[in-house]
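These notes are about the structure you will find just below.
Everything numeric in this text was worked out from a predicted model, so none of it was measured. Both counts, for ligands and for their atoms, begin at 1 and track the order of listing.
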Amino acid sequence: MATMLKLDTRPLSPAIGAEIRGLDLARPFDAPTLALVRQAWLDHAILLFRDQKLTLDQQVAFATQFGTVGERSRPPERRPEGVDFHPAIMLISNIRENGKPIGSLPDGEMWFHHDMSYVEAPYRGTMLYAIELPSVGGNTKFANMYKAYDSLTARTKERIRGLKAMHVYDYGTAEQVGRDVDLSKVKHHAQSIAITHPLSGRKALYVNRLMTLWIEGMAAKESDRLLSELFDAAEDPSVYYEHVWRVGDLMMWDNWCSTHARTDFPAHERRLLRRCTITGQPLHE
Ligand code: SIN
């Protein structure tokens, strides 16, 4: 691939994201191009590359250019005909064989969340590649958590300083688990409510409606009230972009400063995307 001196970059929305045109992700970038894409990722938080044709190995090779690729700790899903197994790839799909989903996160709407905020070292990033899509819905919304933090009043910023909130996820459900959850049975981790992005140095809100259950050391009612205010800021239409997928889209997102959510889609229509992750590090205020 010829060296790019400047990327062909177009904003996806006023809130977040950019599309980069003219790059073929099936082939490794040269060093200057990779440096530009890395910087663009840091600047825009989510990057879209359209019209890509990627084998599973090419998708993993692309991801490897940005860090250590995360491997699945759970048993792999059953793959449909023609979709090979790779430990670094998760299928996001509602397709079923013998009544069982071939992939993870199969059906319908998903609330806003960071990937893996319930572990000590949340993923740096996620890359999702669209293979089959429903005729309507199944869009993914991406929210800018720098903007969400910036939108808080000075009083709220002061109030959340030094506070941590508990993030919990139960693989058995795509919904928020309740406060009465038995923490010994689910993955969980308390994270700072506002984190400093390790690479940009910018402050980002780090709570999400799906996985953040309570604020540590705060009475339940007060915690619910404050979280509700923070979730509203994190989901304000001014901070998110809704992506309508096309087959061949690869979207990569910075999981430390953005959240994402999925809109509902018809259960009888097939949806298949391949997901790859970049491992992360503990996050701090
Ligand atoms: C995810 O949360 O990783 C899945 C997003 C989607 O299916 O659009």
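Ligand-side atoms of ligand 1 in range of Ile92: 7 (O), range being under 4.0 angstrom from any heavy atom.
The shortest N or O to N or O distance between His260 and ligand 1 is below 3.5 Å. At least one N/O-N/O distance between Arg262 and ligand 1 falls below 3.5 Å.
Of the options His113, Arg271, Met110, the smallest heavy-atom separation from atom 7 (O) of ligand 1 is shown by Arg271.
Judged as a salt bridge (charged side-chain N to carboxylate O under 4.0 Å, His left out), and not counting sequence neighbours, the contacts of Asp232 are Arg209. By the salt bridge (charged side-chain N to carboxylate O under 4.0 Å, His left out) test, Arg262 pairs with no residue at all, sequence neighbours left out.
For Phe112 and Tyr240, the distance between ring centers is under 6.0 angstrom.
Among protein heavy atoms, atom 8 (O) of ligand 1 sits closest to Thr140 OG1, 2.6 Å. In terms of protein heavy atoms, atom 4 (C) of ligand 1 is closest to Leu105 CD1, 4.0 Å. For atom 3 (O) of ligand 1, the nearest protein heavy atom (residue, atom name, distance) is Arg275 NH1, 3.2 Å. Here the heavy atom of the protein found nearest to atom 5 (C) of ligand 1 is Leu128 CD2, 4.0 Å.
Using a 4.0 Å cut-off between charged side-chain N and carboxylate O, Glu222 and Arg159 make a salt bridge.
Remark: of the listed residues Leu47, Leu25, Leu48, Leu47 is the sole one forming a side-chain contact (heavy atoms from CB on, under 4.5 Å) with Met252.
Using cut-offs of 30° and 60° for the angle between ring planes, the Phe66 and Trp41 rings count as perpendicular.
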